[in-house]
There are 2 protein chains.
Amino acid sequence: MMSDGDAGRSGAARPGAGSARRARGRPRSFDRETALEKALLAFWEHGYEATSVSDLTRVMDIGAPSLYAAFGDKRSLFDEVVRVYGARYGSFTDRALAEEPTARAAVARMLREAAAVYTEPGRPHGCLVVHAAANCSNPEVEQSLRERRTANVAAFERRIRDDVAAGVLPADTDAGALARYTGAMIQGMSQQARDGASREELESLAEIAMSVWPHAGTATG
Amino acid sequence: MMSDGDAGRSGAARPGAGSARRARGRPRSFDRETALEKALLAFWEHGYEATSVSDLTRVMDIGAPSLYAAFGDKRSLFDEVVRVYGARYGSFTDRALAEEPTARAAVARMLREAAAVYTEPGRPHGCLVVHAAANCSNPEVEQSLRERRTANVAAFERRIRDDVAAGVLPADTDAGALARYTGAMIQGMSQQARDGASREELESLAEIAMSVWPHAGTATG
DNA sequence: TTTTTTCTGTAACGACCACTAGAAAAATCT
DNA sequence: AGATTTTTCTAGTGGTCGTTACAGAAAAAA
């Protein structure tokens with residue numbers, strides 16, 4: 001058919017890094033990364049189960065056999081989507097934890113950036129990791145995202161413990177509870193974003209959330 | 001078949017309140033309220049879409065035609081389930097708002113009771129209103145629960161405004177942001193409960209969440 | 001008893017689900 | 001050119017979805 005202009009055969013990804021020689025057989029008519037990003041947006045908006053393979057082939061603009069040849073089955077496509085999402089849209093938490101000098105500053109930055117990321121115009125609102133496997137009949141899919149969420153909370157807890165050990169936070173700080181509080185806050189912000197809260201609303205919400213932290217030296221509210 | 005003991009024909013609800021005369025035709029072989037509660041638990045655990053009519057007829061132990069005759073279609077059964085859930089399991093927020101003397105006390109009680117309700121043994125964890133319509137292909141179902149969530153946040157906000165007007169809370173309190181913060185906290189606690197957090201963990205989380213509130217006179221933390 | 005009314009079990013309906021067999025098409029290799 | 005390899009399109013597969021037609025069963029009404 002090829003009815004949509006000259007969108008076809010534009011990509012034809014290289015077979016290997018650095019090699020300019022083409023692959024052997026008929027080349028792919030679509031760009032794999034572009035199609036993957038379309039799948040990512042669909043899964044992000046509607047979740048794993050509510051996004052049918054038929055939906056996917058429509059938004060990716062490819063036939064079902066092409067999808068299965070390029071990405072495996074629906075499950076492995078979703079797994080790849082989750083990896084790409086984590087690297088492209090979900091890495092702000094890891095960056096904040098790694099780059100900010102204190103746990104408090106890291107969480108403050110995380111919540112501020114979450115307010116922006118979860119309400120970015122032109123993209124699904126909220127966090128794919130929080131929502132995309134909710135009410136999923138496949139327990140493995142649900143578990144895979146649950147593990148990512150608990151891993152995030154565990155990373156918060158480690159960062160808080162570091163600050164307690166360094167004397168930046170009080171010695172009697174309940175690191176586990178504070179980490180879970182932070183995780184619940186982010187997940188609650190994601191839910192609020194899905195329910196229509198604006199970036200500014202989430203930012204003022206985040207500011208309130210930060211007031212539970214002891215202020216290390218400075219007096220900022 | 002009637003293979004499960006004498007469980008059948010036990011209920012046969014009265015046709016009208018006070019009237020002892022039986023209904024006209026063949027009496028129902030199951031207790032409507034019992035079956036409705038089973039449907040409630042199924043929808044609570046797996047959500048609207050992931051709970052198939054086949055799942056429902058199995059857990060309610062009735063045939064599909066009986067389900068449709070007694071409850072209408074799947075959608076209207078879910079609507080009734082949501083109403084019953086709100087009255088039986090979700091009313092603790094309204095009670096706290098109505099019975100506690102201040103917004104702060106009401107929210108403190110709400111979060112404390114949420115920690116218990118969302119982790120009650122033998123029941124699905126978390127809140128049906130938060131989770132059961134996530135990733136739902138039917139936008140009306142998703143919207144109906146979204147409206148309940150936003151109505152709850154609006155009720156928080158009204159209660160907070162009352163305290164601001166009464167001088168119980170500072171005049172510069174951002175009632176909307178504090179209400180959304182509370183809603184996000186409850187929703188985050190529900191998500192944490194789904195992810196396996198215990199009642200005690202949610203309680204210490206709630207205690208942290210309450211520390212953002214100005215303390216009206218008393219010194220409790 | 002016969003009629004009327006309502007419920008119950010069987011057994012399907014069309015629509016969609018994730019997935020794939022098979023043939024034609026488009027490239028490289030010989 | 002012809003052979004080989006890979007992708008594409010068409011057209012399905014069996015299974016499950018929500019829902020219902022139909023006939024028999026169980027009660028009250030006549």
Side-chain angles (χ1 to χ4, degrees), chain A residues 1-4 7-16 19-32 35 39 42-43 46-58 60-78 135-138 140-141, chain B residues 1-4 7-16 19-32 35 39 42-43 46-58 60-78 135-138 140-141:
Chain A
M1 292 307 173
M2 207 66 75
S3 59
D4 50 344
R9 96 184 52 201
S10 62
R14 306 159 300 172
S19 166
R21 212 167 65 254
R22 273 183 163 278
R24 192 74 191 312
R26 173 174 177 174
R28 201 174 263 142
S29 67
F30 61 95
D31 180 53
R32 193 179 185 280
F43 278 131
H46 302 108
Y48 176 76
E49 200 145 283
T51 305
S52 68
V53 173
S54 173
D55 293 332
L56 290 166
T57 58
R58 192 178 55 255
M60 298 164 88
D61 199 25
I62 61 178
S66 298
L67 187 154
Y68 280 85
F71 300 102
D73 61 6
K74 183 185 176 183
R75 171 72 203 283
S76 57
L77 169 58
F78 181 72
N135 302 133
C136 189
S137 299
N138 184 334
E140 297 176 5
V141 173
Chain B
M1 293 307 172
M2 208 66 74
S3 60
D4 49 344
R9 94 182 56 200
S10 60
R14 306 158 300 170
S19 165
R21 211 166 64 254
R22 269 183 165 278
R24 191 74 188 313
R26 173 174 177 173
R28 191 173 275 141
S29 68
F30 61 95
D31 180 53
R32 193 180 186 281
F43 278 130
H46 301 109
Y48 176 76
E49 202 146 282
T51 305
S52 68
V53 173
S54 173
D55 293 332
L56 290 167
T57 59
R58 189 177 60 255
M60 298 164 87
D61 200 26
I62 61 179
S66 299
L67 187 155
Y68 279 83
F71 301 101
D73 60 7
K74 183 186 177 184
R75 169 72 202 281
S76 57
L77 169 58
F78 181 72
N135 301 132
C136 188
S137 300
N138 184 337
E140 297 175 6
V141 173

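Here is how names work: the chains are called A, B, and so on, in the same order as the sequence lines, proteins then strands, and each is numbered from 1.
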Colleague: Please work out if Val53(A) contacts a base, only the sugar-phosphate, or nothing of the nucleic acid, heavy-atom cut-off 4.0 Å.
Modeller: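 Val53(A): backbone/sugar contact only, no base atoms under 4.0 Å.
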
Colleague: Side-chain N or O of Ser52(A) versus OP1/OP2 of dC17(C): is the shortest distance under 4.0 Å?
Modeller: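 The answer is yes; a side-chain N or O of Ser52(A) sits under 4.0 Å from OP1 or OP2.
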
Colleague: I need the CG-C1' distance between Asp61(B) and dT8(C), as an integer number of Å.
Modeller: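 Distance check: Asp61(B) CG to dT8(C) C1' gives 13 Å.
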
Colleague: By nearest nucleotide on DNA chain C, pick out whichever of Ala69(B) and Asp73(A) is the more 5' one.
Modeller: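 Looking at DNA chain C, the more 5' nearest nucleotide goes with Ala69(B).
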
Colleague: Please state how far atom NE2 in His46(B) lies from atom P in dC17(D), giving the value in whole angstrom units.
Modeller: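 For the pair His46(B) NE2 and dC17(D) P, the rounded distance is 13 Å.
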
Colleague: Should Ser29(B) be listed as having a side-chain N or O under 4.0 Å from OP1 or OP2 of dT8(C)?
Modeller: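 Yes, such a contact exists.
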
Colleague: State which of dC17(D), dA21(D), dT6(C) makes the closest approach to the side chain of Ser54(B).
Modeller: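 The closest nucleotide is dC17(D).
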
Colleague: Looking at side-chain heavy atoms only, is the closest gap between Leu56(A) and Phe43(A) below 4.5 Å?
Modeller: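 Yes - at least one pair of side-chain heavy atoms lies under 4.5 Å apart.
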
Colleague: Take the protein atom CZ of Phe30(B) and the nucleotide atom P of dA25(D), then report the distance between them rounded to whole Å.
Modeller: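 After rounding, the reported distance stands at 20 Å.
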
Colleague: Tell me the interatomic distance from Leu77(A), atom CG, to dC17(C), atom P, rounded to whole angstroms.
Modeller: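 The answer, rounded to whole Å, is 16 Å.
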
Colleague: Look at all strands and tell whether Ala64(B) reaches a base, only sugar-phosphate, or nothing, counting heavy atoms closer than 4.0 Å.
Modeller: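 Base contact.
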
Colleague: Please report the interatomic distance NZ(Lys74(B)) to OG(Ser52(B)), rounded to the nearest 0.5 Å.
Modeller: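 Answer for the NZ-OG pair, Lys74(B) versus Ser52(B), is 7.0 Å.
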
Colleague: With side chains defined as the heavy atoms from C-beta onward, is the minimum distance between Asp55(A) and His46(A) less than 4.5 Å?
Modeller: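 A side-chain contact under 4.5 Å is absent here.
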
Colleague: Rounding to an integer number of Å, can you tell me how far Glu49(A) CD sits from dC16(C) C1'?
Modeller: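 Roughly 14 Å, once rounded to whole Å.
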
Colleague: Report the residue (Gly25(A) or Thr51(B)) whose heavy-atom-nearest nucleotide on DNA chain D is the more 5′ of the two.
Modeller: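 Its nucleotide being nearer the 5' end, the pick is Gly25(A).
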
Colleague: To the nearest angstrom, how far is Arg28(A) atom CZ from dT5(D) atom P?
Modeller: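 So the CZ-P distance, Arg28(A) to dT5(D), works out to 18 Å.
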
Colleague: Nearest-nucleotide wise, let me know which of Ile62(A) and Arg24(B) is further upstream toward the 5' end of DNA chain D.
Modeller: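 The residue whose closest nucleotide sits nearer the 5' end is Ile62(A).
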
Colleague: Please report the interatomic distance CE(Met60(B)) to CG(Leu77(B)), rounded to the nearest 0.5 Å.
Modeller: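 One gets 5.0 Å once the value is rounded to the nearest 0.5 Å.
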
Colleague: With respect to the side chain of Tyr68(B), which nucleotide from dC9(D), dG9(C), dT19(D) is positioned closest?
Modeller: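 Nearest listed nucleotide: dT19(D).
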
Colleague: Less than 4.5 Å apart, any side-chain heavy atom of Thr57(B) and any of Leu67(B)?
Modeller: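 Side-chain contact under 4.5 Å: yes.
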
Colleague: Using only modelled atom types and a 3.5 angstrom limit, is any donor from either the side chain of Arg26(A) or the base of dT7(D) paired with an acceptor on the other?
Modeller: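 Side chain to base: pair found, below 3.5 Å.
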
Colleague: Of the candidate nucleotides dA26(D), dT19(D), dT20(C), which contains the atom at the shortest distance from the side chain of Lys74(B)?
Modeller: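 For the Lys74(B) side chain, the nearest candidate turns out to be dT19(D).
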
Colleague: Can you measure Met60(B) atom CE to dT8(C) atom C1' for me and round it to whole angstrom units?
Modeller: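 The distance from CE of Met60(B) to C1' of dT8(C) comes to 15 Å, rounded to the nearest Å.
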
